[in-house]
Amino acid sequence: MSEIKPTDPAATNAGEEKDWAAAKAFFDSLKTRKPRPPKPQYAVTIAVSSRTLFNMVAERKIYEEEGVEKYVTFQQEHENEPLMPGVAFPLVKALMTVNSRLRQLYPDSEELFDIVLMTNNHAQVGVRLINSINHYDLTIERFCMTGGKSPIGYLKAYMTNLYLSKDGEKVTEAIEEGIAAATMFTSGDVENQLSDTQLKVAFDGDAVLFSDESEIIAKQRGLDKFFEHEQEFENIPLKKGPLKCFLEALGKLQRKFYAKNERMNCPIRTYLVTARSAASSGARVLKTLRSWGLEIDEALFLAGAPKGPLLQMIRPHIFFDDQMSHIEGAKELGTVAAHVPYGIGQKYHKGELIEQPVNDVKDKK
């Protein structure tokens, strides 16, 4: 999976440095209230699709029922009407809040969130997207509009740390390319329920932060074998999962607040929300995070209990899970949920096998 970007200035050549200096000077000369984008190799880059940032259900219906030409014409005819906020909108606002706090503490730092609009929309639709972003005063300067083609090939070029879309196929493609990604699901009007001073991010453990190596045992051989395995391998760290690199990136920014004695007022808070039980299988998870040099602010071990009620209390801006049953439960209680299509969990739904695994796990004992 994609890792944190290099912070060594030697990692870029002299020509790139010269080009960036010229771009910085040009942006600084503009009469604008918006801060310039951070340098990509230092930033934590979040790529969002237009359909996650904005509510484009009506426009999507035109595209599906009447075709691309009618869709483009409609967008052009309504380009001065701002699109309504979508499921990722509160998250983007929270990212901007963190950036504002970072700039107060580190005025010249490039270690900030950088939000990129990554869409397969045609460039002719771009005016409405730009007008909508300016209407809501969002700090999004980097766009990628691919005219109907998949934007996944551009994610690495944009140095993406996390890609969010409503298209599950594109998300799967991104994960296969080693990029942290998730499919976002609408959960109703939650914007007014979410914190406007602190970014809250909740993660499942297995097949999200960690690999699915232990979940394979639980699914194929049952919980008793799973508990035996986790206790036997308690001191062996789990392998990394698709979103480990994103937690790492969040931790990098959190530590900038800690360095200024702002731990208790840090505008980023992370949560582990796992179906594991603490006494039977929790130690390996915590020791794995420790071995990675990562912290999690709150660890919630539910021992198989529903996650929805706990998430309803946390009210995260985004909750990542690999199993659709947990996503559905979170959505029902108003949580912004994002599906990570990774690992053996994709072969099961509500505990029932929907696709026969290729290889059975052998008993290692």
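- By the rule that hydrophobic residues join a cluster once side-chain heavy atoms approach within less than 4.5 Å of another member, Val87 and Leu129 end up as members of one cluster.
- In terms of the salt bridge (charged side-chain N to carboxylate O under 4.0 Å, His left out) criterion, Lys166 has no residue partners (sequence neighbours excluded).
- In plain terms, the two heavy atoms of Ala202 and Val273 that are nearest each other are CB-CG2, 4.3 Å.
- Between the side chain of Ser132 and the backbone N or O of Leu83, at least one donor-acceptor pair lies under 3.5 Å.
- Ile133 pairs by the side chain to side chain contact (heavy atoms under 4.5 Å, CB included) definition with Lys34, Leu53, Phe54, Leu117, Leu138, Ile140, Phe143, not counting sequence neighbours.
- Residues Leu194 and Leu333 are members of separate hydrophobic clusters, defined by side-chain heavy-atom contacts under 4.5 angstrom among Ile, Leu, Val, Met, Phe, Trp and Tyr.
- The shortest side-chain heavy-atom distance between Leu253 and Glu111 falls under the 4.5 Å cut-off.
- Residue pairs meeting the salt bridge (charged side-chain N to carboxylate O under 4.0 Å, His left out) criterion with at least one member in residues 112-135, sequence neighbours excluded: Glu59-Arg128, Asp114-Arg142.
- Legend: residues meeting salt bridge (charged side-chain N to carboxylate O under 4.0 Å, His left out) with Asp212, ordered by chain and number and at least two apart, are absent.
- Thr274 and Asp204 get closest at one heavy-atom pair: CA-OD1, 4.0 Å.
- When the side chains of ILVMFWY residues are joined at heavy-atom separations under 4.5 Å, either directly or via intervening members, Phe319 and Tyr342 end up in two distinct hydrophobic clusters.
- In this structure, Lys200 has no salt bridge (charged side-chain N to carboxylate O under 4.0 Å, His left out) partners at least two apart in sequence or on a different chain.
- Remark: the backbone N or O of Ala337 is not paired with any side-chain donor or acceptor of Thr335 at under 3.5 angstrom.
- Here the side chain of Thr160 pairs a donor or acceptor atom with the backbone of Leu155 at under 3.5 angstrom.
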Worksheet item: side-chain contact (heavy atoms from CB on, under 4.5 Å) between Tyr163 and Glu173: does it pass, once the steps are laid out?
Response: CA-CA 11 Å; Tyr163 171 60; Glu173 187 181 347; over 6 Å; no

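- Atom CG of Asp196 is separated from atom CE of Met96 by 12.5 Å, given to the nearest 0.5 angstrom.
- In terms of the side chain to side chain contact (heavy atoms under 4.5 Å, CB included) criterion, residue partners of Ala94 (sequence neighbours excluded) are, by chain and number, Leu199, His317.
- Side-chain contact between Ile318 and Leu164 is present, with heavy atoms from C-beta onward closer than 4.5 Å.
- Placement of Phe74 and Ile130 within a single hydrophobic cluster is found when ILVMFWY residues are connected by side-chain heavy-atom separations under 4.5 Å, directly or transitively.
- Using a 4.5 Å heavy-atom threshold, the side chains of Tyr154 and Val116 count as separate.
- A distance of 5.5 Å separates NZ of Lys156 from CD1 of Ile179, quoted to the nearest 0.5 Å.
- Here the side chain of Ser277 pairs no donor or acceptor atom with the backbone of Ala279 at under 3.5 angstrom.
- Judged purely by atom type and a 3.5 angstrom limit, Thr97 uses its side chain to pair as donor or acceptor with the backbone of Lys93.
- For the atom pair CD (Glu141) and CD1 (Ile115), the distance works out to 10.5 Å, reported to the nearest 0.5 Å.
- Within the structure, salt bridge (charged side-chain N to carboxylate O under 4.0 Å, His left out) pairs that include any residue of residues 63-84 comprise Arg60-Glu64 (at least two apart or interchain).
- Applying the side chain to side chain contact (heavy atoms under 4.5 Å, CB included) rule to Ser214 yields the partners Asp206, Phe226, His229, Glu230, Leu238, Arg276, Arg284; only residues at least two apart in sequence or on another chain are considered.
- The shortest heavy-atom contact between Lys307 and Ala275 is CE-N, 3.8 Å.
- To the nearest 0.5 Å, the span separating CG on Asn121 from OG on Ser49 amounts to 9.5 Å.
- Residue pairs meeting the ring-ring contact (aromatic ring centres under 6.0 Å, His included) criterion with at least one partner in residues 256-275, sequence neighbours excluded, do not occur; the list is empty.
- Transitive grouping of hydrophobic side chains (ILVMFWY, heavy atoms separated by less than 4.5 Å) brings Val125 and Val68 into a common cluster.
- Checking side-chain atoms of Asn161 against main-chain N and O of Ile46 turns up no donor-acceptor pair under 3.5 Å.
- Tested against Asn120, the residues Met145, Lys149, Lys170 include a single side chain to side chain contact (heavy atoms under 4.5 Å, CB included) partner, Lys170.
- Among residues at least two apart or in separate chains, there is no ring-ring contact (aromatic ring centres under 6.0 Å, His included) pair with a member in residues 92-130.
- Using modelled atom types, one side-chain atom of Ser195 and one backbone atom of Gln198 make a donor-acceptor pair closer than 3.5 Å.
- The ring pair (Phe, Tyr, Trp, His ring centres under 6.0 Å) search around Tyr71 returns Tyr63, not counting sequence neighbours.
- Distance NE2/His135 to CG/Asn80: 12.0 Å, rounded to 0.5 Å.
- Annotation: side-chain hydrogen bond (donor to acceptor under 3.5 Å, both in side chains) contacts involving residues 287-302, sequence neighbours excluded, comprise Glu234-Lys287, Asn235-Lys287, Gln254-Asp297, Arg263-Glu295, Arg269-Glu298, Thr270-Asp297.
- Distance check: Glu213 CD to Lys239 NZ gives 4.5 Å after rounding to the nearest 0.5 Å.
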